[in-house]
Amino acid sequence: MRNLTPTTITDAFAEYAKNAPSARTRELLVSLAGHLHSFVRENKLTQAEWGAAIDALTRAMKFTDDKRNEYILFSDLLGVSSLVDMVNAAKSGTPSSVLGPFHIEGAPELPNGGDLWKNQVGEPLVVSGKIADDRGAPAKGTVLALWQNSGNGMYAQQDASQSPTNYHARLKVADDGTFAFSTVRPVSYTVPDDGPAGDMLRALGRHAWRPAHLHMIIHAPGRTPLITEFFPDDDKYLDRDAVFGVRGGLVLPFKRETDRARLPANLAAGNSLPMPVWTATLDLKLPAA
Ligand code: BEZ
Ligand code: FE
């Protein structure tokens, strides 16, 4: 096509792609280019402004390695990771949320009732609950992958003083769907903001805080794993999560328990946790199959 204009360039892009081998890939790329073209036209983008965007993506490369991915952080802070999660979410069951960068494969097994806290820094928390399928039957055989930050605000991957799998675990629920474990109360923390994604936050006048949260992937037999996270209802960043991960149904009361006799009977650290402890109850539900 010759004599392109600001309005015909978008149709030209679609026409150039007419022999794309995959219809879905063509649809997505033509749509993406169309939205980018509209963005340029509507904002009358200058060379310097587009140059700054390219420069941020180039700098993102320098902040990306096998431990940190600045491109995913951009996706998270732009709300795209959360939006992709929400448009694909099941219509029923425990809501899903974003994965974040700190999940590890092959975390150690934690027996039901086990302890992750091990007297480390922070306030002990006892989590207990039950998981049921969409008809209310116990979701037998479910494995919960769990991970969270330490009481010092850092994930094991960010902190050489922690063992590499500290606060990472896989727990198999009992046949009646119940589970319990002791851990530390997670704390609010800032996502890494020393790179170009952090520059974007500052340009927007935004902060880098995430409310405290406990991550979980629910691996139920025969089901797609459900990625989610839970938040204490008293966290001051619940309404301004930097990565837009908070959903109704994932915010829970964290209560103070002073009576040791009321803790779950199978808690390995039940006799040694310093009272009072925080408690949280999770009522997990699988989506309809
Ligand atoms: C997190 O859950 O820890 C997280 C999520 C997105 C970006 C950075 C951190
Ligand atoms: Fe996290």
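Ligands are counted one by one from 1 in listed order, and the atoms in each one are counted from 1 as well. The analysis underlying the following values was restricted to heavy atoms, covering all of them including side chains, and did not include hydrogens, waters or symmetry mates.
Using a 4.0 Å cut-off to heavy atoms of His215, the atoms of ligand 1 that qualify are 1 (C), 2 (O), 3 (O). Heavy-atom proximity to Tyr155, at under 4.0 Å, picks out these atoms of ligand 1: 3 (O). With ligand atoms numbered from 1 in the order given, ligand 1 contributes 3 (O) to contacts under 4.0 Å with heavy atoms of Phe102. In summary, the atoms of ligand 1 found under 4.0 Å from a heavy atom of Tyr189, numbered by their order in the structure, are 1 (C), 3 (O), 4 (C), 9 (C).
The Fe ion (ligand 2) lies at the vertex of an angle of 100° between the NE2 atom of His215 and the OH atom of Tyr155 (rounded to 10°).
Protein heavy atom at the shortest distance from atom 5 (C) of ligand 1 is Gly100 CA, 3.5 Å. Scanning the protein for heavy atoms near atom 2 (O) of ligand 1, the closest one is Arg210 NH1, 2.7 Å. Of all protein heavy atoms, the one lying nearest to atom 6 (C) of ligand 1 is Asp76 OD2, 3.2 Å. Looking from atom 4 (C) of ligand 1 to the surrounding protein, the closest heavy atom is Pro101 CD, 3.4 Å.
More than 12 non-hydrogen atoms from other residues, nucleotides or ligands lie less than 6.0 angstrom from CZ of Arg260.
Annotation: cation-pi pair Arg240/Trp209 absent, no NZ/CZ under 6.0 Å from the ring centroid and within 45° of its normal.
Just one of Asn69, Asp241, Val243 meets the side chain to side chain contact (heavy atoms under 4.5 Å, CB included) condition when paired with Asp76; it is Val243.
For the Fe ion (ligand 2), the set of nearby N, O or S atoms under 2.8 Å includes none belonging to Gln148.
For the residue pair His213/His215, the side-chain donor-acceptor check at 3.5 Å is satisfied. Judged by distance alone, the side chains of Glu229 and Ser97 do bring a donor and an acceptor atom under 3.5 Å apart.
Residues Phe63 and Pro196 are in side-chain contact: their nearest non-hydrogen atoms beyond the backbone lie under 4.5 Å apart.
Side-chain N or O atoms of Thr228 include none that pairs as donor or acceptor with a backbone N or O of Met216 at under 3.5 Å.
Residue contact annotation: Val98 has no non-hydrogen atom under 4.0 Å from ligand 1.
Phe102 has its ring centre no less than 6.0 Å from the ring centre of His168.
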